[in-house]
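I have placed the structure first, in the form of structure tokens, so that the comments after it can refer back to it.
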Number of protein chains: 2
Amino acid sequence: MLEAAAALADEVGLEATSMRRVADALGVTAMALYKHVANREELIDGMLDRLVVSIDVPADGLPWEQALRARIRSARSVMNAHPWAQVAIETRTVASPTVLAYMDSLMAIMFDGGLSADLVHHAMHALSTRMWGITRDVLPTPSVPTDSDLRARAMAEFATTYPAIVRMATSTPHAGAGCDDDAEFAFALDLLIDGFARLHEEGWSSVR
Amino acid sequence: MLEAAAALADEVGLEATSMRRVADALGVTAMALYKHVANREELIDGMLDRLVVSIDVPADGLPWEQALRARIRSARSVMNAHPWAQVAIETRTVASPTVLAYMDSLMAIMFDGGLSADLVHHAMHALSTRMWGITRDVLPTPSVPTDSDLRARAMAEFATTYPAIVRMATSTPHAGAGCDDDAEFAFALDLLIDGFARLHEEGWSSVR
DNA sequence: CTTGACACGTCTACAGCGTATACCTATGGT
DNA sequence: ACCATAGGTATACGCTGTAGACGTGTCAAG
């Protein structure tokens with residue numbers, strides 16, 4: 001059932017994955033699903049849990065920074081394979097045991113690295129949803145007319161209204177080629193982990 | 001109308017802010033709303049825009065790090081005053097002109113600080129939704145029985161299943177007192193901004 | 001003064017949603 | 001032989017977003 005629901009969500013998205021459609025896919029009535037889950041929330045929890053348990057556990061003996069990076073990158077590859085996972089994570093309200101276990105494992109990696117409970121706590125907050133390997137697209141990709149004349153006019157107007165956006169879009173190394181989401185994710189993740197490491201070395205504490 | 005919708009959302013949450021209920025609050029039919037907005041998405045966009053324009057613009061002449069921090073902190077105070085804003089941001093799919101202008105202003109702050117387009121680009125991705133001052137709660141607050149005996153037993157069991165979580169929860173400076181979300185937010189934001197500054201000083205570039 | 005456009009509202013209707021309640025039936029342990 | 005239980009069905013309720021047709025009151029142009 002979870003498998004069928006996940007397959008459906010892969011096809012039509014999470015929003016369209018209604019109880020009735022999942023049931024249809026199984027050749028069954030919608031109400032039959034309620035013999036197995038309490039409600040739709042629980043169904044989605046289950047779908048997500050299936051993904052979470054498939055996140056790789058990094059090899060033993062790695063430095064904590066590498067282990068943390070590896071586990072989160074694996075989370076990313078798992079979540080990226082299923083577009084609905086991002087929506088699912090963002091709408092989740094309670095943590096299932098599977099989710100708790102994943103978070104526990106991340107904290108354990110940091111504890112094993114010798115980080116203080118204080119720092120681990122702050123680090124988890126700083127990672128936030130990034131610990132699931134996801135990031136929302138924040139940068140706009142405005143639709144411009146294809147006609148080259150109109151396009152130039154639209155761009156010009158856009159440039160006066162949003163100069164910084166245009167400057168960024170036109171002068172970034174891979175301008176036009178679209179941007180490499182994986183690279184952006186790795187950049188931000190490394191920035192955070194490097195920050196944690198630096199604070200750890202400095203003996204940082206939240207109380208001053 | 002946007003005001004009424006926002007007021008309703010403050011009371012009952014965004015999910016419960018249906019076209020009919022907004023219309024009711026205005027003493028009008030649901031369909032009347034469609035003379036002003038194309039659909040519910042657009043209504044929510046409008047509600048959000050009202051908030052975004054009220055984000056403070058930092059004083060001129062501040063160093064870019066401080067200006068960036070100030071603007072984002074202001075965003076946080078605006079968004080935090082309206083619980084539905086977080087949900088709204090997370091479900092938004094296209095950027096309105098107001099939203100574009102806000103993002104443009106953040107980038108402008110960094111450009112003014114001399115950061116390269118490359119770095120600005122990566123920084124915006126790294127900030128991600130944090131640029132709106134929001135962060136999802138990621139740390140679980142499991143409900144434990146109030147009865148002290150049962151409570152001890154539950155905690156013990158929890159501790160063997162999720163040792164790192166318990167270790168963190170019990171040995172963090174403000175254990176038990178709940179955690180200060182604003183402080184956590186500031187920590188993560190500063191970590192990122194400090195990272196940007198460091199990379200900027202080093203003359204960082206994404207091409208190696 | 002008339003006419004017609006338009007802004008802005010209503011009414012009705014439809015398809016879809018999650019899910020409560022009641023009912024049926026095959027299976028398997030006592 | 002019995003009966004509880006797991007797992008299915010049928011029906012129904014209240015809710016959702018929104019399409020389409022139908023008024024009106026206001027206001028500018030002929």
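Letters A, B, ... are given to chains in the order of the sequence lines, protein chains preceding strands, and every chain is numbered from 1.
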Could you state the atom-to-atom distance from [atom1] of [X] to [atom2] of [N] in whole Å?
X	N	atom1	atom2	result
A:Glu41	C:dC17	CD	C1'	14 Å
B:Leu14	D:dT16	CG	P	13 Å
A:Leu33	C:dT19	CG	C1'	11 Å
A:Asp24	C:dG18	CG	P	12 Å
A:Glu42	C:dG18	CD	C1'	14 Å
A:Arg40	C:dG18	CZ	C1'	9 Å
A:Ile44	C:dC17	CD1	C1'	13 Å
B:Glu15	D:dC15	CD	P	15 Å

Worksheet entry | Nearest non-hydrogen partners of B:Met1 and B:Leu33, listed with the distance | CE-O, 4.0 Å
Are the side chain of [X] and the backbone N or O of [Y] linked by a donor-acceptor pair below 3.5 Å?
X	Y	result
B:Arg130	A:Ala126	yes
A:His122	A:Asp118	yes
A:Tyr162	B:Met103	no

Distances for protein N or O near nucleotides 22-24 of chain D N or O, under 3.5 Å:
none

Discussion item. Strictly by salt bridge (Lys or Arg N to Asp or Glu O under 4.0 Å), give each pair with a member in residues 34-49 of chain A just once, sequence neighbours left out.
Written reply: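 Residue pairs with at least one partner in residues 34-49 of chain A: A:Glu41-A:Arg92, A:Asp45-A:Arg92.
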Discussion item. Reading DNA chain D from 5' onward, which residue's closest nucleotide shows up sooner: A:Ala30 or B:Tyr34?
Written reply: A:Ala30
Worksheet item: Between CD of A:Glu65 and CG of A:Asp194, what distance do you get to the nearest 0.5 Å?
Response: 8.0 Å
Practice prompt. Side-chain contact test, heavy atoms from C-beta onward, threshold under 4.5 Å: evaluate it for A:Met110 versus A:Met124 and give yes or no.
Written response: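 Answer yes - side chains close enough.
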Discussion item. When you measure from the side-chain N and O atoms of B:His36 to the phosphate of C:dG9, is any distance below 4.0 Å, counting only OP1 and OP2?
Written reply: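 Indeed, a polar side-chain atom of B:His36 lies that close.
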Worksheet item: Below 4.0 angstrom from OP1 or OP2 of C:dC17, is there any side-chain N or O of A:Ser18?
Response: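 Affirmative; the distance criterion is met.
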Worksheet item: Which listed nucleotide (D:dT9, C:dG9, D:dT16) is nearest to the side chain of A:Met31?
Response: D:dT9
Worksheet item: Can you tell which of D:dT9, C:dA13, C:dG9 lies closest to the side chain of B:Arg20?
Response: C:dA13
